[in-house]
**Student:** 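The following block contains the structure, expressed as C-alpha cells.
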2 protein chains.
Amino acid sequence: MLTTACKDAIRAMIYIAKKQKNIDNFISIKEIANNLDLSFYFLSKILQKLVKDGFLESYRGPNGGVKLAKPMGDISLYDIILSIDGDDVFTQCILGFKECSDIKPCAVHEKWAPERERLYNLFKDTTLEEIEEEIEKKINIKL
Amino acid sequence: MLTTACKDAIRAMIYIAKKQKNIDNFISIKEIANNLDLSFYFLSKILQKLVKDGFLESYRGPNGGVKLAKPMGDISLYDIILSIDGDDVFTQCILGFKECSDIKPCAVHEKWAPERERLYNLFKDTTLEEIEEEIEKKINIKL
DNA sequence: TTTATTTAAGACTTTATACTCTTAAATCTA
DNA sequence: TAGATTTAAGAGTATAAAGTCTTAAATAAA
Ligand code: SF4
Ligand code: SF4
C-alpha cells in the first residue's frame, strides 16, 4: 500500500506536528528518529524530500532541525504520500494496466474505481491538524 | 497495493474463467501468457502457487495446461491475493506498526481501520463468476 | 577562530521483488 | 518405444526498495 519510507514520513510528520503545537523550535531529526524508533540515516533521507517539496523547513547547526513549513491544517496525508511515493496508489489500475480508459475499462473497474476514489478522499481530507486533535482528545495514542 | 505477480495472477484467472465458461479443456500457460502479453516464464511461476493452493488444477503433456479447480463462484479475488501476496494488505497497519491493539491505537486508526475492512469485503465479495458476468454484459472489456 | 552540531548530498550495501533459464517429470501421439 | 509437448522445480540474473555510511556545508557557541 505505502512504502515504509512513506509510513515513516507520516509518523515523523505527526510527531513534528504534535511537538510544534507547544513550541515552535526546530526539531532535530535525531530526536524524531530516537522517539519513533527509526533509523536516523534513513529518516534523514526521507525528510529531505519533504523539505524540497515545501512541507518542511530545515535549519543546520546547533539547535537546528526541521519544522513544518505550512500550517498543519494545510498538510494532508495525501501531500506526504505524493511527495514520498508519488500518486500511483490513487491513479494506478488494480490489474496493473498502463493505460486506463473508461471507454475500454478492465473487468473490475466498476468495483475498483470508486474504492480508489474513496482512498484518495480519505487521505486528502485527513490533515495533520485533524490528527493532532485526535491525539489530544484520546489518551492512549501510539506514535 | 498488489504486487505485479498478484495482478498478473488475477488477470490470468479471469482469462481462464472466461474461456472455461465455454469449453472445459485445460488451457496452456503459453496461450494465457501470449493473450495477456505476459512473460510465459513469470506466469508459470505465479500459477504454480495457485495450483498448490487448490485454485487451479494442472495437467502436463500435449493438450495439458491449467483449469479452475473449483466453481468460479467459489474463487474470490481475496483468495487469489491471499495465495500470491499474503494477507498483509488486509491486516497491516497504514503506519507500519507491527503490533496494533484497539487499546492503544495509532492516530489514524479510526480512519484507516474501516477503510481496510471495506477493502477486505470488496475483494472477498468479488468472485470470478461475478467478473465473468460483467465481461459478458459489457462489450469493451480489457483483459 | 576553532570546535561541536546539525542537515544535505551522494556513494554504497543489503534485501526483496521481478524476471529468466535450464533441467526434470509427466503425458500424449506417431 | 521415441519424440514432442507441457507443467514443476530450482537455480540464476536484474532491478528496485530499504537501509547505511562518509563527506561537505551551514550554523552556533565557546
Ligand atoms: S478501468 Fe480497469 S484497468 Fe483501468 S484503472 Fe480502472 S480498474 Fe484499472
Ligand atoms: S490501530 Fe493504528 S497502528 Fe494499528 S492497524 Fe490501525 S491504523 Fe495501524
Side-chain angles (χ1 to χ4, degrees), chain A residues 1-13 16 25-69 81 83-86 88-89 92 95-96 98, chain B residues 1-13 16 25-69 81 83-86 88-89 92 95-96 98:
Chain A
M1 189 77 183
L2 303 177
T3 62
T4 64
C6 191
K7 293 169 183 173
D8 292 354
I10 293 172
R11 288 182 61 204
M13 289 298 269
I16 295 166
N25 290 339
F26 283 98
I27 304 157
S28 88
I29 298 176
K30 194 164 284 172
E31 178 196 326
I32 303 170
N34 287 340
N35 278 283
L36 300 184
D37 199 31
L38 297 174
S39 150
F40 164 73
Y41 290 137
F42 194 39
L43 186 59
S44 298
K45 270 267 116 65
I46 297 166
L47 296 189
Q48 279 177 31
K49 274 197 188 177
L50 293 172
V51 171
K52 273 183 191 154
D53 287 352
F55 299 109
L56 285 176
E57 185 184 343
S58 69
Y59 199 83
R60 302 189 202 193
N63 308 316
V66 291
K67 65 157 82 169
L68 299 183
I81 295 169
S83 178
I84 306 295
D85 280 355
D88 280 5
V89 199
Q92 271 212 134
L95 296 187
K98 295 278 187 314
Chain B
M1 188 77 183
L2 304 177
T3 62
T4 64
C6 190
K7 292 169 184 172
D8 292 353
I10 293 173
R11 287 182 61 203
M13 289 297 271
I16 295 166
N25 291 338
F26 284 98
I27 304 157
S28 87
I29 299 176
K30 194 165 286 174
E31 178 196 327
I32 304 169
N34 286 341
N35 277 284
L36 299 185
D37 199 31
L38 298 174
S39 151
F40 164 73
Y41 290 137
F42 194 39
L43 187 59
S44 299
K45 270 268 116 64
I46 298 166
L47 296 188
Q48 280 177 29
K49 273 197 189 178
L50 293 172
V51 171
K52 274 185 190 153
D53 287 353
F55 298 110
L56 285 176
E57 187 185 342
S58 69
Y59 199 82
R60 300 190 204 192
N63 307 317
V66 291
K67 66 157 83 165
L68 299 183
I81 294 169
S83 178
I84 307 294
D85 280 355
D88 280 6
V89 198
Q92 272 211 129
L95 295 187
K98 296 276 187 314

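In what follows, every chain begins at residue 1, and chains take the letters A, B, ... in the order their sequences are listed. The figures here come from the full heavy-atom set of this structure, side chains too, leaving out hydrogens, waters and symmetry mates.
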**Student:** Name the nucleic acid region contacted by A/K49, choosing base, sugar-phosphate or nothing; use a 4.0 angstrom heavy-atom cut-off, strictly under.
**Tutor:**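 Answer is nothing: A/K49 stays at 4.0 Å or more from every strand.
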
**Student:** What is the nucleic acid contact for B/L47, judged by heavy atoms within less than 4.0 Å: base, sugar-phosphate only, or nothing?
**Tutor:** nothing

**Student:** To the nearest angstrom, how far is A/I46 atom CD1 from C/dA8 atom C1'?
**Tutor:** 15 Å

**Student:** Rounded to whole Å, please give me the gap between CZ in B/F40 and P in D/dT5.
**Tutor:** 13 Å

**Student:** Atom CD1 of A/I27 and atom P of C/dT7: how far apart are they, to the nearest Å?
**Tutor:**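 My rounded result for the distance is 11 Å.
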
**Student:** Output the single nucleotide from C/dA9, D/dA11, D/dA18 whose closest atom is nearest the side chain of B/K45.
**Tutor:** D/dA11

**Student:** OP1 or OP2 of D/dG19 versus the side-chain N and O atoms of A/T4: is any pair under 4.0 Å?
**Tutor:**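 Yes, because at least one side-chain N or O of A/T4 sits under 4.0 Å from OP1 or OP2 of D/dG19.
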
**Student:** In terms of side-chain heavy atoms of B/R60, which of C/dT5, C/dA24, C/dT20 is nearest?
**Tutor:** C/dA24

**Student:** Any sub-3.5 Å donor-acceptor pair from B/N35's side-chain atoms to B/E31's backbone N or O?
**Tutor:** yes

**Student:** Check the distance between C/dT14's C1' and A/Y41's OH and give it to me in whole angstrom.
**Tutor:** 16 Å

**Student:** What is the distance from CG of A/N63 to C1' of C/dT7, rounded to the nearest Å?
**Tutor:**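 That distance rounds to 14 Å.
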
**Student:** Do B/V66 and B/L50 have side-chain heavy atoms sitting under 4.5 Å apart?
**Tutor:** no

**Student:** Quick one: which residue pairs count as a ring-ring contact (aromatic ring centres under 6.0 Å, His included) with a foot in residues 36-58 of chain B, not counting sequence neighbours?
**Tutor:** none

**Student:** Give a yes/no on whether any side-chain N or O of A/S58 is located under 4.0 angstrom from OP1 or OP2 of C/dA8.
**Tutor:** yes

**Student:** Let me know the distance between CZ of B/F42 and P of D/dT15, rounded to the nearest Å.
**Tutor:**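 Nearest whole value for this atom pair: 14 Å.
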
**Student:** May I have the distance from A/L50 (atom CG) to C/dA8 (atom C1'), rounded to whole angstrom?
**Tutor:**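 My rounded result for the distance is 14 Å.
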
**Student:** On a heavy-atom basis, which atom in B/A69 and which in B/G54 lie closest, and how many Å separate them?
**Tutor:**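 Closest pair (atom of B/A69, atom of B/G54, distance): CB-O, 3.5 Å.
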
**Student:** Map A/I29 and B/D8 onto DNA chain C by nearest heavy atom, then report which one ends up closer to the 5' terminus.
**Tutor:**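 Counting from the 5' end, the first nearest nucleotide belongs to A/I29.
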
**Student:** Which nucleotide wins on minimum distance to the side chain of A/P62, given the candidates D/dA28, D/dA4, C/dC21?
**Tutor:** D/dA28

**Student:** From the options D/dT7, D/dA8, C/dA18, select the nucleotide whose nearest atom is closest to the side chain of B/Q48.
**Tutor:**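 Of the options given, the side chain of B/Q48 lies nearest D/dA8.
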
**Student:** Are any side-chain N or O atoms of A/D8 and backbone N or O atoms of A/L43, one a donor and one an acceptor, separated by less than 3.5 Å?
**Tutor:** no

**Student:** Using a 4.0 Å heavy-atom cut-off, does A/Y59 contact any base of the nucleic acid, only the sugar-phosphate backbone, or nothing at all?
**Tutor:**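 The answer is sugar-phosphate, as A/Y59 gets under 4.0 Å only of primed atoms, P, OP1 or OP2.
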
**Student:** Roughly how many Å is it from CG in B/N25 to C1' in D/dT6, rounded to a whole number?
**Tutor:**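 Taking CG of B/N25 and C1' of D/dT6, I get 15 Å after rounding.
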
**Student:** With a non-hydrogen cut-off below 4.0 angstrom, is A/S44 in contact with a base, only sugar-phosphate, or nothing?
**Tutor:**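 Nothing, no nucleic acid heavy atom in range.
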
**Student:** Base, sugar-phosphate or nothing for B/K7? Non-hydrogen atoms, less than 4.0 Å.
**Tutor:** nothing

